[in-house]
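Only one structure is covered here, and it is reproduced in the block below.
Quick note on labels: first sequence line is chain A, next is B, and so on, each numbered from 1. All values below come from the heavy atoms of this structure, side chains included, with hydrogens, waters and symmetry mates left out.
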There are 2 protein chains.
Amino acid sequence: MSDDRLSRVFSALADPTRRDIVARLATGDATVNELAAPYDVTVQAVSKHIRVLEDAGLVSRSRDAQRRPCHLEGEVLDLMTRWIERYRREAEDRFRRLDTVLEEMADGPAEGPAEKEAAS
Amino acid sequence: MSDDRLSRVFSALADPTRRDIVARLATGDATVNELAAPYDVTVQAVSKHIRVLEDAGLVSRSRDAQRRPCHLEGEVLDLMTRWIERYRREAEDRFRRLDTVLEEMADGPAEGPAEKEAAS
DNA sequence: AGGTTAATCAACCACTCGGTTGAACAACCG
DNA sequence: CGGTTGTTCAACCGAGTGGTTGATTAACCT
């Protein structure tokens, strides 16, 4: 469902230039030309980058005469952190459980095989 | 510096299959064949996916006879959350500041132009 | 040793991606 | 109105990606 969205967000941030743009937008809105200035690529390339970020829902754009100021949408970042944190926590918990098992094994060695979760 | 690493991690998680693999590994280590089972792609394709995750530092592999069990490395996820949280927080703070400015403007309308951060 | 199982390597294909150049809108300025 | 500025569209290119099939390595089992 939001699988597609998540893919787009991760994919968008996989590019260093795009991450840089996000970082700059975090300090304030900016136009395409302003955003393009620091890089030695064409403004069209940057425009494409911004499009990608927009499609991912990371930036929104308003209109000011010919200019199209870009604005960072922070909520989507939450979506990512939620995804990441979930599995980081699971892995951590599992690690802690395993740790406990090892301690128990150290106490009373030969017992039940504890856990054997197949992944089928 | 860790820019390259960050790109690899985001890029690795941009693929739904790879995110799924990470999710499954969060519940316990697994071999390539076990991980490949649920998908209708070849085991070679899954092997490649795991390679990408390994290069990103997201999984490590040990050896058990012919098998090479995959293990999720949670620390790298921290790297990502730190990056994300940093800019999310910046954007949030800026938003809050802007909010304050708007409130001040509502109080005493015609005053100083407050802030005008150009992004050059 | 011979055979089976687990995983990877190698070559290839369709497709996407980041970049380019050149043209086209779109809205301002004089 | 004509010209300039800001941005996008269109077509193209080289490199990378996810997938395939086929062969190969590595370690197990009799």
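Within the structure, a side-chain polar atom (N or O) of B:Asn33 is placed less than 4.0 Å from OP1 or OP2 of C:dA7. Dashed line: the shortest gap from a side-chain N or O of A:Thr42 to OP1 or OP2 of C:dT20 is under 4.0 Å.
DNA chain C is contacted by B:Arg61, B:Gln66, B:Arg67, B:Arg68 of residues 54-70 of chain B, taking any non-hydrogen atom closer than 4.0 Å.
The list of salt bridge (Lys or Arg N to Asp or Glu O under 4.0 Å) pairs with a residue in residues 42-57 of chain A, not counting sequence neighbours, reads A:Glu54-A:Arg61.
Counting heavy atoms from C-beta outward, B:Val46 and B:Thr17 have side chains that stay 4.5 Å or more apart. Looking only at side-chain heavy atoms (C-beta outward), B:Asp78 and B:Trp83 stay at 4.5 Å or farther from each other. A:Leu77 is not listed as a side-chain neighbour of A:Val9, based on a closest heavy-atom distance of 4.5 Å or more. Proximity of A:Phe10 to B:Met80: side-chain heavy atoms (C-beta onward) are separated by under 4.5 Å at one or more points. Using a 4.5 Å heavy-atom threshold, the side chains of A:Val22 and A:Arg19 count as separate.
With axes fitted over five pairs at each extremity, the angle between the ends of the helix from C:dA1-D:dT30 to C:dG30-D:dC1 is 20° (10° resolution).
For B:Arg94 and A:Asp29, the salt-bridge test passes: some basic side-chain N is under 4.0 Å from an acidic carboxylate O. The existence of a salt bridge linking A:Asp4 and A:Arg8 is confirmed by a sub-4.0 Å separation between a basic side-chain nitrogen and an acidic carboxylate oxygen. Comment: A:Glu92 does not engage A:Arg89 in a salt bridge, judged by the lack of any side-chain N to carboxylate O separation of less than 4.0 angstrom.
Across all non-hydrogen atoms, the minimal contact from A:Val76 to A:Ala56 is CG1-O, 3.8 Å. Nearest heavy atom pair, residue B:Cys70 against residue B:Leu25, reads O-CD2, 3.5 Å.
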Distances for protein N/O vs nucleotides 12-18 of chain C N/O pairs under 3.5 angstrom?
from: C:dG18; atom 1: OP1; to: A:Arg18; atom 2: NH1; distance (Å): 3.1
from: C:dG18; atom 1: OP1; to: A:Arg18; atom 2: NH2; distance (Å): 2.7
from: C:dG18; atom 1: OP2; to: A:Arg18; atom 2: NH1; distance (Å): 3.3

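Nearest-nucleotide mapping onto DNA chain C: of B:Ser47 and A:Gln44, the residue sitting toward the 5' end is B:Ser47. DNA chain C is contacted by both B:Val43 and A:Val46; B:Val43 maps to the nucleotide lying nearer its 5′ end (nearest heavy atom per residue).
One atom, CD1 of B:Ile21, and another, P of C:dA7, lie 13 Å apart when rounded to the nearest Å.
Taking A:Asp20 as the reference, nothing meets the salt bridge (Lys or Arg N to Asp or Glu O under 4.0 Å) condition, with sequence neighbours excluded.
Running 5' to 3' along DNA chain D, contacts with non-hydrogen atoms of chain A at under 4.0 Å begin and end at D:dT5 to D:dA11.
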Start with the C-alpha distance between A:His49 and A:Ile21, add both sets of side-chain angles, then the distance that settles side chain to side chain contact (heavy atoms under 4.5 Å, CB included), and finish with yes or no. CA-CA 9 Å; A:His49 279 308; A:Ile21 290 176; 4.1 Å; yes
